[in-house]
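Here's the structure we're looking at; comments come further down.
Computed from a prediction, not measured in an experiment: that's the story for all the values here.
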Amino acid sequence: MKQRFSVTLALLAAVTFASIANSASAQRGAPVRPARTADGKPNLSGIWQAMNTAHWDLEDHSASPSQLYQTGAVGATPGGQGVVEGGEIPYKPEALARKKLNFAGRLSLDPEVKCYMPGIPRATYMPFPFQIVQAPGMILMAYEFASADRVINMGKPVEAAVDTWMGTANGRWDGETLIVDNTGFNDGTWFDRAGNFHSDQLHVVERFTLADQDHLLYEATIEDPQTFTRPWKISMPLYRRVEKNAQLVDFKCVEYAEELLYGHLRKDPSK
Amino acid sequence: MNRLLVAGAVAAALAIAPLATSPVLGQQAAKTWTAPKTPWGDPDIQGWFSNLSENGTPLEKPAQFAGRSLEDIKGDELTSIKQAAQNRTIESFAGPLHAPEDWWQKDLNMVKGSQAWLIIDPPDGKVPALTAEATARQAAAAEARRANPRGPADSWEDRSLYDRCITRGLPGSMIPAIYGNSYQILQTPDYVAIRYEMIHETRIIPLDGRAHASPKIKTYMGDARGHWEGDTLVVETTNFRDEASYRNSNGSTLRLVERFQRVGPATVKWSVTVEDPKTWVRPWTFAMPLTIDDTQPVLEYACHEGNLGLRNILSAARSEEEAARANK
């Protein structure tokens, strides 16, 4: 009698324990990643993606049709809230005129169409994921689009040796925030598909702050005295791609742009 | 007095010099060196690397070394082979049309190359025989080219993926060219990332034991999975696109197994086992050292963005056709 009672108790305890253990792991879902790296910094490693319409236009915009009627609804622009603090990009008048020309000619002028490296900050909010690999002393950001990447130097700041598409990045920690100072850009990249652009005087200061395990707050302050009347700022959340099998899949778009870029140089078999 | 001291120092240096290169001392040095670990305990293979000095090493064992092993060819003999290779490389770029010398010639140091050929298995140093299937496949491709002859630059599609700035594929991305031979390895507990300057590739290799992506997902650089075996990082890559599959192998069945092992303060040994039962009668392996070199960081190689070469090749071909028509 006594024995049976204690067996029952043990069973009860086991069942209770099991259900607690189950609910704990159910709540966790995927295994919890360490929130900090070995050197005690916030761990930003992971695959991230923006979920907004900044890539179509950084400013507030209505939905609009494609320039190519053949693409129907597929090529149309979704409307959406802008990500520019204060609403408008403070262009100098002559730069605003150029922005409008860019927009009108975007099908042939947008560097994205030609599969050029997207530059910073555009690479961050394209409709493609990117991956942060936070190694000791260096942080890699690899973008799915065009195999673009950049390494953020976390050591003694270095000067940009030459102008490049993705810039020269020096990073440092300010408490919980990764601050990345980017210089050494060429004037070849745009900010979005709406023709927003910059000169080679571009200076971008980014701030990455984990809001929680799966949300990364992103801010970029953009300075370019040749193009804008004052520095301006964009901000948006980035979302962790939480799928267990999430990975970047090469998007080597060069071959998708060759007919556009070199089609006029193809041999004409009729001649 | 001073002169005596100098003479004494020279004599001491001369006495030490042969000792320093003796195998006994070399072994002792190897014993005192311990492979570094990351803060979380994995072998540390991180850094900036260059393999410029391995440029021009033939894949297969040249006939002149028949009967000899890779280890036998060293010292002055190896240096003279490498010097000759460097001279040939420079000569091959002579002529009116070539890249500016200052892009690459001053950095060329093939004389420091560490081996006379690359294949370490099979022992004869040769790529194994093709399977019957591969022979038939390659014959069919050659026949298709004969049936539909094309010029070397009728379109961009007649140029290599390298000329088009799409990819050098795998293992091609790690094979040295005359410039741009910088690489970087970064590590976290969950991933190893490898960056290749030429022509800007990034591989991010998961270490968590996950399965390969679906065979329906094929890429030029393949789908890589890694794990640690003792002090060696083993990376298995599959899911290749046929257009970029190594040495015309079958992209769906090609499996490359790379091994990265830190063997010295500045050296990571890299080997690649090539396996494709639809192409070769047996697997084969080649190896090459990667040298840590902080003076050679990976710079941005905007190959496609600045690809005037391809544009000029195509427009030159059209101009030649135009001139030929005018002369008729």
Does this structure show an ion pair linking A:Glu112 with A:Arg193, if we count only N-O contacts that are shorter than 4.0 Å? yes
If I measure from the heavy atoms of chain A, does B:Leu310 come under 4.5 Å with its side chain, its backbone, both, or neither? side chain
Compute both the distance and the angle, then confirm whether B:Arg311 meets the cation-pi test with A:Tyr262: under 6.0 Å from the six-membered ring centre, within 45 degrees of the axis. no
Note: vs chain A, highest number of non-hydrogen pairs under 4.5 angstrom among B:Thr219, B:Leu314, B:Ile204, B:Asp208 is B:Ile204
Hey, is CD on A:Glu159 packed in by over 12 heavy atoms from elsewhere, all under 6.0 Å? no
Before accepting this row, confirm whether a basic side-chain N of the pair B:Arg225/B:Asp223 lies closer than 4.0 Å to the acidic partner's carboxylate O. yes
Chain A contact via B:Asp158 - side chain, backbone, both or neither, heavy atoms under 4.5 Å: neither
Using non-hydrogen atoms only, which part of B:Arg164 is less than 4.5 Å away from chain A: side chain, backbone, both, or neither? both
Could you go through B:Phe49 and B:Phe260, starting from their C-alpha distance and side-chain angles, then the distance that decides it, and tell me whether this counts as ring-ring contact (aromatic ring centres under 6.0 Å, His included)? CA-CA 13 Å; B:Phe49 295 84; B:Phe260 297 83; 8.6 Å; no
Heavy-atom pair count under 4.5 Å with chain B, highest-scoring of A:Asp149, A:Leu140, A:Val133, A:Thr168: A:Asp149
Given heavy-atom pairs under 4.5 angstrom as the criterion, report whether the side chain, backbone, both or neither of A:Cys115 touches chain B. both
Between A:Tyr143 and A:Phe128, is a ring-ring contact (aromatic ring centres under 6.0 Å, His included) present by the stated rule, with each step listed? CA-CA 8 Å; A:Tyr143 305 90; A:Phe128 293 89; over 10 Å; no
Does A:Arg122 count as lying over the ring of A:Phe191, i.e. NZ or CZ under 6.0 Å from the six-ring centre, within 45 degrees of the axis? no
Checking A:Ala161 against chain B: side chain, backbone, both or neither under 4.5 Å from a heavy atom? neither
Are the charged groups of A:Glu176 and A:Lys41 less than 4.0 angstrom apart, N to O? no
Validation row: A:Phe208, A:Met141 side chains within 4.5 angstrom (heavy atoms): yes
Heavy-atom distances under 4.5 Å only: say whether B:Arg203 touches chain A with side chain, backbone, both or neither. neither
Is chain A contacted by the side chain of B:Tyr196, its backbone, both, or neither, given a heavy-atom distance below 4.5 Å? neither
Quick one: does B:Glu236's side chain get under 4.5 Å of B:His227's, heavy atoms only? no
Go through the atoms of B:Thr167 and report whether side chain, backbone, both or neither lie under 4.5 Å from a heavy atom of chain A. side chain
Heavy-atom contact with chain A under 4.5 Å, split by part of B:Ile166: both
Find the one option among A:Asp268, A:Leu248, A:Asp39, A:Leu261 whose heavy-atom pairs under 4.5 Å with chain B are most numerous. A:Leu261
Bottom line for A:Glu258: the part with an atom under 4.5 Å from chain B's heavy atoms is both
Is any side-chain heavy atom of B:Trp40 closer than 4.5 Å to a side-chain heavy atom of A:Pro136? yes
Is it the side chain or the backbone of B:Arg318 that comes within 4.5 Å of chain A heavy atoms, both, or neither? side chain
Given the options A:Lys252, A:Arg150, A:Met138, A:His264, which has more heavy-atom pairs under 4.5 Å with chain B than any of the others? A:Lys252
Is it the backbone or the side chain of B:Glu305 that comes under 4.5 Å from a heavy atom of chain A, or both, or neither? both
Interchain contact, B:Arg150 with chain A, by part (heavy-atom threshold 4.5 Å): neither
